[in-house]
Amino acid sequence: MSSSRHVLLASLAIAVLALSSAGAFAQDTIKIGIVVPMTGTSGAVGREISDATHLYMAQHGDTVAGKKIELIVKDDQSVPDNAKRLAQELIVNDHVSFLGAGLTPSAMAMAPIATEAKVPTVVVVSGTSIVTEKSPYYVRTSFTLGQQSGIIADWAIQAGSRKAVAILSDWAPGAEAGKVFADHFTKGGGQILDTLKVPLANPDFSPFLQRAHDLAPDTLFVFVPAGQAGTFAKQFAERGLEKSGIKLIGPGDIVDDDDLPTTGDTLLGVVTAGLYSAAHPSQLNKDYVAAYKKATGHRANFISVGGYDGMHLIYEALKKTGGKTDADAVIGAMKGMKWESPRGPMSIDPDTRDVVQNIYIRKVEMVNGEPWAIEFKTFPAVKDPLKEVAAK
Ligand code: PHB
């Protein structure tokens with residue numbers, strides 16, 4: 001063989017190799033880029049989403065419909081501009097086929113990018129109603145504060161509450177929790193004595209708890225986001241509210257399972273309406289809690305299931321589309337999807353792309369030396385009430 005023929009063959013081989021590996025990359029790998037806070041006040045949220053999504057892949061494999069799945073988790077430090085830039089980079093540089101959106105302000109900032117690039121995006125954390133309306137490619141597996149806050153207001157009225165003070169983390173999900181709670185509570189004949197707003201970052205609850213105590217309500221409605229329940233419980237006890245006779249209630253966030261093991265007796269008896277308790281008595285959940293604990297050392301919480309179910313939704317949608325990632329096909333596959341989650345049965349509302357799930361009323365009780373939110377009443381298949389109102 002002549003040497004020029006050798007060179008030709010060799011370069012041909014390289015070209016074929018390069019082509020086929022590029023082809024394999026484009027066709028056979030599907031990337032998912034999730035944008036969450038891994039540091040700062042909400043750093044626990046990113047850890048929980050990262051842990052739960054990786055756990056899902058470890059349990060279900062990294063191949064779906066013949067495609068290899070690759071997961072990329074980025075830290076936006078809870079800064080919306082960072083989330084927007086990271087979403088752009090994930091699309092342009094990493095060629096992701098799916099995005100995962102985290103906190104409400106970041107999810108809001110990412111929406112135009114997802115819409116413009118037509119990238120199906122699973123909202124795995126945000127609890128604010130409006131977020132799913134910001135892009136036709138947004139689908140939510142987390143929750144809304146409205147889903148929980150109306151139900152706990154109705155329960156409190158039934159249990160005899162009439163005068164409430166609200167303490168709310170001062171950002172969109174707090175405003176929504178407070179609004180839906182107040183609507184239901186006042187409709188039921190209750191009165192809101194005051195609404196106190198606590199800064200989101202590095203919160204000091206003490207002055208607000210003091211003010212609430214001084215107003216002598218029968219009930220304290222509190223929303224603090226994931227990652228803050230432990231601090232809140234500590235300051236609640238320090239201010240003597242634990243023994244004041246004031247009933248503490250809220251959406252599930254104030255009894256976050258990630259914090260509960262460290263709260264001792266402080267939150268015993270607290271009643272909340274939430275979508276997930278690590279004590280949910282299904283076999284699927286027992287297995288989930290055990291696997292999560294084994295993989296991470298932490299108790300699974302309501303944020304983690306948003307990530308776990310987000311991966312489930314992506315896997316099942318890809319099975320339906322035969323691995324196609326075209327946004328309209330994927331969103332079509334996701335609409336109306338129903339499954340059994342560690343939280344219980346859930347589905348995606350085909351009209352709103354929002355999560356439909358059971359909301360449970362739970363009371364914190366000591367079980368085997370640790371506090372757990374024990375479910376005692378179930379409201380099945382609850383939709384986001386703010387969208388329900390808007391549709392009427
Ligand atoms: C939100 O980003 O809307 C959010 C985050 C954490 C929570 C609740 C809401 O616990």
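When a ligand or atom number is given, it counts from 1 through the structure's own listing order. Fair warning: this is a prediction, and the values are worked out from it, not measured in the lab.
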Option set L145, V45, D253, criterion heavy-atom distance to atom 10 (O) of ligand 1, minimum: D253

Parallel, tilted or perpendicular, as decided by the 30° and 60° cut-offs, for the rings of Y56 and H60: parallel

I'd like to check which ligand 1 atoms, numbered from 1 as shown, lie under 4.0 Å from a non-hydrogen atom of P225. 6 (C), 7 (C), 10 (O)

For the NZ atom on K247, are there more than 12 heavy atoms of other groups (residues, nucleotides or ligands in this structure) within a distance under 6.0 Å? yes

G127 neighbourhood, listing ligand 1 atoms whose heavy-atom distance to it stays under 4.0 Å: 1 (C), 3 (O)

Angle between ring planes, Y360 versus H280, binned at 30° and 60°: parallel, tilted or perpendicular? tilted

Side-chain heavy-atom pair I254, D256 within 4.5 angstrom cut-off: no

Heavy-atom nearest neighbour in the protein, as seen from atom 4 (C) of ligand 1, with distance rounded to 0.1 Å: W171 CH2, 3.8 Å

When rounded to the nearest 0.5 angstrom, what distance separates CZ in F205 from CD in E238? 12.0 Å

The atoms of ligand 1 lying under 4.0 Å from a heavy atom of T128, numbered in the order shown, are 3 (O)

Considering only protein heavy atoms, which is closest to atom 3 (O) of ligand 1, and at what distance to one decimal place? T104 OG1, 2.5 Å

Donor-acceptor contact present, side-chain T53 to main-chain I49, <3.5 Å: yes

Looking only at heavy atoms, is any part of A226 under 4.0 Å from ligand 1, and if so is it the side chain, the backbone, or both, or is it neither? both

Give the atom numbers and elements of ligand 1 that come within less than 4.0 Å of a heavy atom of L103. 2 (O), 5 (C)

Which atoms of ligand 1 are found less than 4.0 Å from any heavy atom of F223? 8 (C)

Atom indices of ligand 1 within 4.0 angstrom of S126 heavy atoms, with elements: 1 (C), 2 (O), 3 (O)

Considering the heavy atoms of F302, write down every atom of ligand 1 situated less than 4.0 Å from one of them. 10 (O)

Distance (rounded to the nearest 0.5 Å) between Q283 CD and N285 CG: 9.5 Å

Does R362 make a cation-pi contact with W372 (under 6.0 Å, within 45 degrees of the axis)? no

Under 4.0 Å from a heavy atom of V125: which atoms of ligand 1 are those, numbered in the order shown and with their elements? 5 (C)

